[in-house]
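If you read the sequence from its start, that first residue is 1, and numbering goes on from there. Small disclaimer: the values here were computed from a predicted structure and weren't measured.
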Amino acid sequence: QVQLVESGGGSVQAGESLRLSCVASRYTGNMAWFRQAPGKGREGVARIDRGGVTIDYAASVKGRFTISRDNAKNTVYLRMDSLKPEDSGMYYCAASFIGGAPLNAASFKDWGQGTQVTVSS
């Protein structure tokens, strides 16, 4: 099992930026960011493969969010620009890909506890 610790969330105004970080207890392959707003399901935001070559984004964040990783630090990042109120929610880091669609929550086994992002208009 991989332990994951997220950080970097906060409260910002629309149009501002945040960078989330997720530190893993050991090197792992595919990693992803998901988010969940109150009363809604967990939505895949972005996924990056072990080499940082293959990357997937949800249509709602493409062009505004950037996922990256530093394997020397066992860390994955999510840079979020031009934030909108609809980007608000708890953001979770996921690891231990078990197969399936890369932005499907069921495709990952290990999860962090989340970091809250609130965007006000």
Write down the atom of Asp110, the atom of Ser96, and the distance for their closest heavy-atom approach. OD2-OG, 2.5 Å

To the closest 0.5 Å, what do you measure between OG (Ser121) and CD (Glu86)? 10.0 Å

If you define the side chain from C-beta out and look only at heavy atoms, does anything of Ser60 sit under 4.5 Å from Glu43? yes

I'd like to know if the side chain of Arg35 reaches the main chain of Gly89, judged simply by a donor and an acceptor atom lying under 3.5 Å from each other, with no hydrogens or angles considered. no

Working to the nearest 0.5 Å, report the span between CG of Leu78 and OH of Tyr57. 7.5 Å

Non-hydrogen side-chain atoms of Val117 and Leu20 separated by less than 4.5 Å: yes

Show your working on side-chain contact (heavy atoms from CB on, under 4.5 Å) between Ser88 and Val119 and close with a plain yes or no. CA-CA 5 Å; Ser88 297; Val119 185; 3.7 Å; yes

Would you say that more than 12 heavy atoms from the other residues, nucleotides or ligands in this model lie under 6.0 Å from the CD of Glu16, or not? yes

I want to check something: taking the side chain as every heavy atom from C-beta on, are Arg50 and Tyr27 in contact at a cut-off of under 4.5 Å? yes

Can you hop from Ile67 to Leu18 via hydrophobic side chains spaced under 4.5 Å? yes

Check whether any side-chain heavy atom of Tyr77 lies under 4.5 Å from a side-chain heavy atom of Thr66, and answer yes or no. no

Of all the heavy-atom pairs spanning Ala24 and Leu4, show the shortest one and how long it is. CB-CD2, 3.6 Å

Mind telling me whether Tyr91 and Phe65 have parallel, tilted or perpendicular rings, with 30° and 60° as the class edges? tilted

To check you understand the geometry: which heavy-atom pair defines the closest contact between Cys93 and Val76, and what is its length? SG-CG1, 3.9 Å

Taking a hydrophobic cluster as the set of Ile, Leu, Val, Met, Phe, Trp and Tyr residues connected by side-chain heavy atoms closer than 4.5 Å, whether directly or through intermediates, do Met31 and Val61 fall within one such cluster? yes

Can you confirm whether Arg26 sits close enough to Val2 that some side-chain heavy atom of one is under 4.5 Å from a side-chain heavy atom of the other? yes

Taking the side chain from Glu6 and the backbone from Gln113, do they hold a donor-acceptor pair closer than 3.5 Å? yes

In short, Pro85 meets Ser120 closest at the heavy-atom pair CG-C, 4.4 Å

Any heavy-atom pair between the side chains of Lys73 and Ser21 that's under 4.5 Å? no

Quick one: closest heavy-atom pair of Pro102 and Asp56, and the distance? CG-OD2, 3.6 Å

Check whether any side-chain heavy atom of Phe97 sits under 4.5 Å from a side-chain heavy atom of Asp49, and report yes or no. no

Report the distance from atom CZ of Arg47 to atom CD1 of Ile55, rounding to the nearest 0.5 Å. 9.0 Å

Out of curiosity, Thr28 OG1 to Asn71 CG, how far, rounded to the nearest 0.5 Å? 9.5 Å

Please tell me if the side chains of Trp33 and Met80 come closer than 4.5 Å, counting only heavy atoms from C-beta onward. no

Once rounded to the nearest 0.5 Å, what's the spacing between atom CD of Gln36 and atom CE of Met90? 9.0 Å

Tell me whether Lys109 at atom NZ has more than 12 heavy atoms from other residues, nucleotides or ligands lying less than 6.0 Å away. yes

Minimum heavy-atom separation for Ala105 and Trp111, please, with both atom names. O-CZ2, 3.3 Å

